[in-house]
There are 2 protein chains.
Amino acid sequence: MAREDRIELKARMVTERLATLSAQPLADFAVLERLICQRAQEAPAHADLVREGESSAGIRMMLGGWACRYKMLVNGRRQLLSFVLPGELCDPYMHLLARMDHSLAALTPVTYAQLGREESERLVHDHPAVARALWIQTMFEIGVEREWTASLGQRVAFQRLAHLFCDIYLRLNMTGIAEDNWCDFPPTQGDIGDATGLSSVHVNRTLQDLRAANLITLTNKRLFIRNLEALKSAALFRPSYGVVAH
Amino acid sequence: MAREDRIELKARMVTERLATLSAQPLADFAVLERLICQRAQEAPAHADLVREGESSAGIRMMLGGWACRYKMLVNGRRQLLSFVLPGELCDPYMHLLARMDHSLAALTPVTYAQLGREESERLVHDHPAVARALWIQTMFEIGVEREWTASLGQRVAFQRLAHLFCDIYLRLNMTGIAEDNWCDFPPTQGDIGDATGLSSVHVNRTLQDLRAANLITLTNKRLFIRNLEALKSAALFRPSYGVVAH
DNA sequence: CGAGCCATTGAGGCCCTTCAAACATAGTGG
DNA sequence: CCACTATGTTTGAAGGGCCTCAATGGCTCG
């Protein structure tokens, strides 16, 4: 398949997601879809797409690969704030602030579309439906991050990892790139540790517990959820997901 | 002083904050200021202003007293997501989603202004400057929550509490209701525990450590920061604050 | 084939938790 | 006015979850 065709498929994935989330017709996003195709670009694994303190550009959409938002503390420790999955957006309205308050890095090689600041502002100005969908996406994203915060504060390691797997699988499933309890899971145990506030050693041991409990298999960057309902239950998972527009 | 006068002063506090944050003239917020005065109401301490799962109303602004956002887990544990201080807004665009993904409760007796959903939508539609300021406020708020997430994941108890005190004092100072390193601090040690992911017992002991290190005094719901620079340093505090509009 | 990254395992120890009880403070009703 | 109750703070003791340090082995890649 030609590269352009793949890009178009991925652009469609983004707009379909926005249309669903905002309960608006796909036709409202035709202009955005064209723009995405024109502005697609790539970055290697571990590349920083934007760093804390830099001025933020406009709208950025992940077409393929995984990225993550993170903050570095002055003592050198890193906290991941969230994973950015294919089909999702990265802080679409961050450019309202003068500077980024966190960094964004590629976890794997990524393909993404990047609109400039003025281009973004023109787009949302001329297309209120797009603007509305972007805000809804932003609120959705924040909701995911809030559940994450609850994890860090109140869940023990076993529950935290279980919750992470539920969260990721269901989000990938929403976008149509995960099915039958299988999905990609590229983060290393070190990455998972930075995301969950655990040491990589303890992540390793807790993963063994999850496997021993027959909840998951995780090998070669592929995750299989052996028992989704049991995993949800272990994760204290409650779906504030699927919450679409009013 | 008559009640109406007090409300007007507080409404002015809100609009001044929005004007500063968005770098727009105060005059742009005259309509909002009038609306606030008309829609002011009160609630007692511990009252839930809105609960997770309920449909969210429109814009809500804290005029006096402290509130908090929180999530309850199915095991009964509570995680505070953030404190809502006088002059701040509560999820101004939450009504884009069908249901609240968290609850909002009064920590002290509170005065707040509550606009209805349609009223809110009309306001932001007719007054783009207000809409812009509300979004900037939202992004600011999210930035604070993100720093909070980093705290829960990467800071030890001592640093976490130190960071909390820096955060609160500086935010109150921004709104002009804290000076000379003094401010109100109404949360109980239990509340602080739910906010920081610590047990109230350990909060108590860590507070003693902070006092012993000559960093703070905290008695009778009043906080005094004995040495702000030392406290910031202990908190690994880095100001992504004061980041105003682009 | 060495270099580097990642997963895994062991050992020791500290941070923080839970349980429990005593103490202080404030508001309530008889 | 003072028991009485409720709420919050403080302290002690014991234990466990998770951390750090350290070393080994598998895998990929230049």
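Only a predicted model underlies this, so the values are computations on that prediction, with no experimental measurement involved. Just so we're on the same page: letters track the sequence lines, and every chain starts at 1.
The closest side-chain heavy-atom distance from Met61(A) to Gln137(A) is not below 4.5 Å. Here the side chains of Lys71(A) and Gln154(B) are not in contact, with every heavy-atom distance at 4.5 Å or above. You'll find the side chain of Thr217(B) stays beyond 4.5 Å of the side chain of Trp182(B), heavy atoms only. When side chains are defined from C-beta on, Met13(B) does not count as touching Leu63(B), because their heavy atoms never get closer than 4.5 Å.
In this structure, Asp191(B) pairs ionically with Arg78(B), as a charged nitrogen and a carboxylate oxygen lie closer than 4.0 Å. Salt bridge annotation for Arg155(B)-Glu147(B): present, with a cationic side-chain nitrogen under 4.0 angstrom from a carboxylate oxygen.
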task: Report, as a single string ordered 5' to 3', how protein heavy atoms within less than 4.0 Å touch nucleotides 16-21 of chain C: B base, S sugar-phosphate only, - not at all.
output: BBBB--

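For Arg211(A), the CZ atom counts as densely surrounded, since its 6.0 Å shell holds more than 12 non-hydrogen atoms of other residues, nucleotides or ligands.
The interatomic distance linking Gln154(B) (CD) with dC15(C) (C1') rounds to 15 Å, in whole Å. In this structure, the CG atom of Leu218(A) is 14 Å from the P atom of dC6(C), given to the nearest Å.
In 5' to 3' order, the nucleotides of DNA chain D bounding all contacts with chain A (an atom under 4.0 Å from a heavy atom) are dC18(D) to dC21(D).
Gln208(A) has a side-chain polar atom (N or O) that falls below the 4.0 Å cut-off from OP1 or OP2 of dT9(C). In this structure, Asn204(A) reaches the dT8(C) phosphate: one of its side-chain N or O atoms is under 4.0 Å from OP1 or OP2.
The minimum heavy-atom distance between Leu198(B) and His202(B), with the atom names listed, is CD2-CD2, 4.2 Å.
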